[in-house]
Amino acid sequence: YYSALGNNEEAMKHGQKGLQIRQMLLGENHEDTAWSYFNLAVYYSALGNKEEAMKHGQKGLQIRQKLLGENHEDTALSYHNLADYYEALGNKEEAFKHEQKGLQIRQKVLGENHVDNAYSYHNLANYYSALGN
């Protein structure tokens, strides 16, 4: 709720505490621990620390890959989120690759005509444009 109120520093403090508790009680390789990493990535991004956002997003992706496998809707979402962080860091090529990977997973898992695919197609169009294609 702190983040929704615009207090990302307080959100970060509570998010870090939540991650510590989840790591202690659930372990590193648990879906809830992955969610904590993703939440922290959002807070870091909001505070302008794109590198830490990327680091936490990548950690969340690694946990999901291990627990859920590559072909899972939540793994696809992780790739999409990382694409946003790569874009924020100015790395459009990696952003494109991660968005494309997320779309491929979604197509396989959710089918071609799913609303989430529309978001990916929109983002890919923007990356194509930014990359001069």
Side-chain angles (χ1 to χ4, degrees):
Y1 296 107
Y2 285 108
S3 180
L5 296 172
N7 190 343
N8 289 304
E9 290 178 12
E10 197 65 25
M12 174 69 70
K13 184 171 78 172
H14 285 81
Q16 288 171 331
K17 181 66 174 174
L19 173 62
Q20 291 170 352
I21 291 169
R22 284 179 169 169
Q23 287 171 321
M24 183 177 60
L25 297 177
L26 303 173
E28 189 69 14
N29 292 312
H30 191 280
E31 179 63 15
D32 289 346
T33 305
W35 272 112
S36 289
Y37 278 109
F38 287 117
N39 287 337
L40 286 171
V42 170
Y43 306 145
Y44 277 117
S45 182
L47 291 170
N49 191 337
K50 307 302 182 193
E51 291 81 12
E52 280 298 315
M54 175 64 73
K55 184 174 108 177
H56 283 75
Q58 287 173 330
K59 183 63 178 172
L61 172 61
Q62 290 169 356
I63 294 170
R64 282 188 171 160
Q65 287 170 320
K66 185 174 187 173
L67 293 176
L68 306 173
E70 194 67 15
N71 293 314
H72 191 280
E73 183 178 357
D74 288 343
T75 304
L77 176 61
S78 300
Y79 278 106
H80 165 77
N81 290 341
L82 283 175
D84 288 344
Y85 299 133
Y86 276 115
E87 181 180 21
L89 288 169
N91 190 338
K92 303 274 191 226
E93 290 177 6
E94 280 301 315
F96 175 82
K97 289 178 189 176
H98 281 74
E99 190 70 51
Q100 193 171 41
K101 179 69 174 173
L103 175 60
Q104 290 168 350
I105 295 169
R106 283 181 174 146
Q107 288 171 325
K108 185 184 289 186
V109 174
L110 303 173
E112 181 64 34
N113 294 317
H114 191 278
V115 68
D116 288 349
N117 294 347
Y119 300 121
S120 290
Y121 281 117
H122 173 75
N123 289 342
L124 287 171
N126 288 336
Y127 296 138
Y128 273 119
S129 178
L131 293 169
N133 293 326

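Only this structure's heavy atoms are used, side chains among them; waters, hydrogens and symmetry mates stay out. None of the values given here were measured: they were computed from a predicted structure.
A distance of 7.0 Å separates CG of L103 from CD of E112, quoted to the nearest 0.5 Å. Summarising the geometry, atom CD belonging to E31 is positioned 9.5 Å from atom CZ belonging to R22; distances are rounded to the nearest 0.5 Å. In this structure, CG on L40 lies 10.5 Å from NZ on K55, to the nearest 0.5 angstrom. Distance CD/Q58 to OG/S78: 11.5 Å, rounded to 0.5 Å. Atoms OH and NE2, on Y119 and H114 in that order, are 10.0 Å from each other to the nearest 0.5 Å. Rounding to the nearest 0.5 Å places NZ of K97 at 13.5 Å from CG of L124.
Hydrophobic cluster membership differs between L26 and L67, with clusters built from Ile, Leu, Val, Met, Phe, Trp and Tyr side chains linked at under 4.5 angstrom. Under the 4.5 Å side-chain heavy-atom criterion for grouping Ile, Leu, Val, Met, Phe, Trp and Tyr, I105 is connected to L110 within one hydrophobic cluster.
Screening N49, L89, D84, N81 against M54 for a side chain to side chain contact (heavy atoms under 4.5 Å, CB included) leaves a single residue, L89.
Within 6.0 Å of NZ on K50 lie more than 12 heavy atoms contributed by other residues, nucleotides or ligands.
Under the rule for a ring-ring contact (aromatic ring centres under 6.0 Å, His included), Y127 has no partner lying at least two apart in sequence or in another chain. Not counting sequence neighbours, the partners of Y79 by the ring-ring contact (aromatic ring centres under 6.0 Å, His included) test are H98. Legend: residues meeting ring-ring contact (aromatic ring centres under 6.0 Å, His included) with F38, ordered by chain and number and at least two apart, are absent. Under the salt bridge (Lys or Arg N to Asp or Glu O under 4.0 Å) criterion, E70 pairs with K101, sequence neighbours left out. Contacts of N117 classified as side-chain hydrogen bond (donor to acceptor under 3.5 Å, both in side chains), with partners at least two apart in sequence or in another chain: none. Judged as a salt bridge (Lys or Arg N to Asp or Glu O under 4.0 Å), and not counting sequence neighbours, K108 has no contacts.
Between Q23 and Y37 there is a side-chain heavy-atom pair separated by less than 4.5 Å. At a threshold of 4.5 Å between non-hydrogen side-chain atoms, the residues L77 and R106 count as touching.
Heavy atoms only, all atoms of each residue included: G60 and A34 are closest at O-CB, 4.0 Å. In plain terms, the two heavy atoms of A53 and S45 that are nearest each other are CB-N, 3.8 Å. Between A11 and Y43, the closest heavy-atom pair is O-CE1, 3.6 Å.
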Output, in order, the C-alpha distance, side-chain angles, deciding distance and verdict of side-chain contact (heavy atoms from CB on, under 4.5 Å) for H30 and W35.
CA-CA 9 Å; H30 191 280; W35 272 112; over 6 Å; no

Does the side-chain contact (heavy atoms from CB on, under 4.5 Å) test come out yes or no for N126 and F96, once each step is laid out?
CA-CA 9 Å; N126 288 336; F96 175 82; over 6 Å; no

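Side-chain atoms of H56 come within 3.5 Å of backbone N or O of E52 as a donor-acceptor pair.
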